[in-house]
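Structure first, commentary second.
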Amino acid sequence: MMLVYSGVNVPYASLLGVMSPDPKERNTLSAYRMSFAYIGSFLALLLFMPMVNLFSGGSKEIADQQYGWLMSVLVIAIVCAILFYFCFSFTRERVKPLKEEQNPLKEDLKDLVKNRPWWILLGAGIAALVFNSIRDGATVYYFKYFVVEENIGSITLLSIPFVLSGLYLAIGQAANIIGVILAAPVSNRIGKKNTYMGAMAMATVLSMIFYWFDRDQLVWIFIFQVLISICAGSIFPLLWSMYADCADYSELKTGNRATGLIFSSSSMSQKFGWALGSAMTGWLLAYYGFQANAVQSAESIHGIRMFLSFFPAIGTVLSVIFISLYPLSEKKMKQVTQELEALRK
């Protein structure tokens with residue numbers, strides 16, 4: 001399933017680089033893309049169990065539950081297929097390559113290795129995803145062993161019962177959407193690089209402050225989750241837009257437009273960032289002496305609190321350092337776009 005998903009998602013992401021040559025339009029396109037990605041994920045999470053209950057007729061019998069799950073997945077699959085074909089039918093590649101013939105993969109890879117802006121974005125993207133995956137991966141531990149959410153019970157929001165950790169993650173995802181929506185207008189005004197650095201710098205400071213919240217300061221915990229998630233949500237549409245700029249830069253330098261390779265390799269780096277962040281969570285939990293389903297030592301609690309504060313802040317600091325080296329400013333990209341247009345004509 002994930003192989004087929006990648007076969008759809010890589011060219012879908014690459015469309016960003018060929019639908020428009022205008023860097024500001026790419027910011028807007030990327031913001032739409034990421035906003036609806038978060039909305040789609042949120043709707044799937046929200047509607048899935050009600051659909052299971054509907055198709056199973058509320059029965060707890062295993063056969064009825066199996067049928068409920070099967071039909072729910074089938075409904076989502078049909079909706080996704082319709083949306084994929086809709087996207088295929090109603091999008092158009094407006095940015096034509098300088099040359100029509102395909103380069104061998106070996107040459108494309110050589111060009112990619114020489115693309116300095118791509119390497120910088122690669123480092124920034126991995127650091128940002130380590131930041132995200134450590135925070136998300138440690139949430140369950142934070143609320144189970146530090147906040148002790150079972151003493152509070154479930155909380156109902158929009159007629160849906162949530163445990164605290166689930167509500168924390170759901171609110172974070174909603175705040176991500178706010179960050180995505182803000183990314184385009186802010187970056188179009190002050191530039192992608194400045195917006196990215198500002199958002200990650202704010203996330204660094206907010207994450208470090210997060211460490212000092214006590215378990216009964218739930219209002220502040222949730223307020224900071226919203227603020228940090230807005231910062232986190234705003235950087236990903238910028239990253240994808242900057243990858244499209246990298247494709248333009250590479251084409252101008254080499255004469256070869258390897259948009260698909262740039263986006264597929266970037267997608268691979270994101271998977272690597274998620275994997276690394278998840279692995280680090282496990283390694284660091286072991287380092288702090290964490291024992292599952294047991295009363296945790298003071299050292300373990302300290303480690304769990306670090307997972308939502310200082311450890312993610314390391315990722316944001318590294319991301320800021322990488323992006324500070326990014327050379328493709330708005331002025332530079334305007335020049336690149338003009339030169340490519342002249343060459344195409």
Side-chain angles (χ1 to χ4, degrees), residues 23 26-27 30 34 112-138 176 179-180 182-184 186-211 224 227-250 253 262-263 265-281 283-284 306-333 336:
R26 286 172 178 170
N27 292 345
S30 188
M34 296 303 300
L112 186 66
V113 168
K114 296 174 186 174
N115 191 329
R116 180 171 170 264
W118 178 81
W119 281 107
I120 291 168
L121 292 180
L122 192 73
I126 290 173
L129 280 159
V130 167
F131 153 73
N132 250 9
S133 59
I134 285 179
R135 286 189 77 245
D136 288 351
N176 283 153
V180 169
L182 291 173
V186 175
S187 61
N188 285 343
R189 181 175 290 273
I190 67 172
K192 284 180 266 200
K193 181 175 176 178
N194 290 336
T195 304
Y196 190 108
M197 290 178 67
M200 285 287 92
M202 287 175 62
T204 302
V205 174
L206 293 167
S207 294
M208 290 191 292
I209 294 172
F210 199 97
Y211 178 83
F224 269 63
L227 296 175
I228 294 169
S229 297
I230 289 173
C231 294
S234 66
I235 66 164
F236 289 109
L238 299 178
L239 267 177
W240 289 112
S241 181
M242 286 190 274
Y243 280 130
D245 293 345
C246 276
D248 285 352
Y249 174 80
S250 177
K253 293 295 181 184
I262 286 174
F263 275 87
S265 54
S266 305
S267 179
M268 184 186 70
S269 74
Q270 293 207 331
K271 304 297 185 290
F272 177 75
W274 275 112
L276 182 61
S278 300
M280 286 174 66
T281 302
W283 296 333
L284 290 167
M306 290 283 283
F307 277 116
L308 269 77
S309 53
F310 284 94
F311 290 150
I314 294 171
T316 54
V317 168
L318 288 173
S319 199
V320 168
I321 291 170
F322 275 111
I323 287 294
S324 68
L325 305 172
Y326 183 69
L328 301 182
S329 63
E330 272 63 29
K331 183 178 178 182
K332 175 69 174 175
M333 281 311 303
V336 168

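Quick caveat, the model's predicted, so the values are computed rather than measured. Counting from 1, the numbers follow the sequence of the chain as shown.
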Subject >> Atom NZ of K253: over 12 foreign heavy atoms under 6.0 Å >> reply: no
Original post:
Considering residues, nucleotides and ligands other than Y211, do more than 12 of their heavy atoms fall under 6.0 Å from its OH?
Top reply: yes
Subject >> Nearest heavy atoms of A244 and F263, plus distance in Å >> reply: N-CZ, 3.7 Å
Subject >> Worked verdict on D245 versus Y326 for side chain to side chain contact (heavy atoms under 4.5 Å, CB included) >> reply: CA-CA 11 Å; D245 293 345; Y326 183 69; 4.0 Å; yes
Subject >> Inter-residue atom distance L328.CG - K193.NZ, 0.5 Å rounding >> reply: 9.5 Å
**OP:** Enter the distance from S250:OG to W118:CH2 here, rounded to the nearest 0.5 Å.
**Re:** 11.0 Å
Subject >> Lys/Arg-Asp/Glu bridge criterion (N-O < 4.0 Å) met for R26, D248 >> reply: yes
**OP:** Please report the shortest heavy-atom distance between S229 and N176, naming the atom on each side.
**Re:** O-ND2, 2.7 Å
**OP:** Answer yes or no: is there a side-chain heavy-atom contact under 4.5 Å between L121 and I323?
**Re:** yes
**OP:** Taking the side chain as every heavy atom from C-beta outward, state whether I235 and M197 have any atom pair closer than 4.5 Å.
**Re:** no
**OP:** Would you check if I230 and M202 make a side-chain contact, meaning some heavy-atom pair closer than 4.5 Å?
**Re:** no
Original post:
So which heavy atom on M200 is nearest to which on V320, and how close?
Top reply: CB-CG2, 3.3 Å
Original post:
Between CD1 of I120 and CG of L325, what distance do you get to the nearest 0.5 Å?
Top reply: 5.5 Å
**OP:** Please determine, by modelled atom types, if S234 and Y196 share a side-chain donor-acceptor pair under 3.5 angstrom.
**Re:** no
**OP:** Indicate the atoms forming the closest heavy-atom contact of V180 with G233, along with that distance.
**Re:** CG2-O, 3.2 Å
Subject >> Test item: N115 and C246 side chains (from C-beta on) under 4.5 Å apart, heavy atoms >> reply: yes
**OP:** Would you mind listing every salt bridge (charged side-chain N to carboxylate O under 4.0 Å, His left out) that reaches into residues 308-333, with sequence neighbours excluded?
**Re:** none
Original post:
Does S133 reach the side chain of L276, with side-chain heavy atoms less than 4.5 Å apart?
Top reply: no
Original post:
Is there a donor-acceptor pair closer than 3.5 Å between any side-chain N or O of S309 and the backbone N or O of M208?
Top reply: no
Original post:
Does the pair M280 and W283 meet the rule for a side chain to side chain contact (heavy atoms under 4.5 Å, CB included), with working shown?
Top reply: CA-CA 5 Å; M280 286 174 66; W283 296 333; 4.0 Å; yes
Original post:
Which residue pairs pass the salt bridge (charged side-chain N to carboxylate O under 4.0 Å, His left out) test with at least one member in residues 306-329, sequence neighbours excluded?
Top reply: none
Original post:
Which distance, rounded to the nearest 0.5 Å, do you find between the CD1 of I134 and the CZ of F311?
Top reply: 7.5 Å
Original post:
Which pair of heavy atoms, one from F307 and one from P312, lies closest together, and at what distance?
Top reply: O-CG, 3.0 Å
**OP:** Mind checking the CG-CE spacing from L238 to M34? Nearest 0.5 Å is all I need.
**Re:** 10.5 Å
**OP:** For K192 and S241, test the side chains for any donor-to-acceptor distance below 3.5 angstrom and give the result as yes or no.
**Re:** yes
Original post:
Does S187 reach the main-chain N or O of A183 with its side chain, forming a donor-acceptor pair under 3.5 Å?
Top reply: yes
Original post:
Less than 4.5 Å apart, any side-chain heavy atom of F236 and any of L129?
Top reply: yes
Original post:
Would a 4.5 Å heavy-atom cut-off, applied to side chains only, mark W119 and L112 as touching?
Top reply: no
Original post:
Yes or no on side chain to side chain contact (heavy atoms under 4.5 Å, CB included) for N132 and W274, after CA distance, side-chain angles and deciding distance?
Top reply: CA-CA 8 Å; N132 250 9; W274 275 112; 4.1 Å; yes
Subject >> Euclidean distance, S207 OG relative to F224 CZ, rounded to 0.5 Å >> reply: 9.5 Å
Subject >> Exercise: identify the closest heavy-atom pair between C231 and L206 >> reply: SG-CD1, 4.4 Å
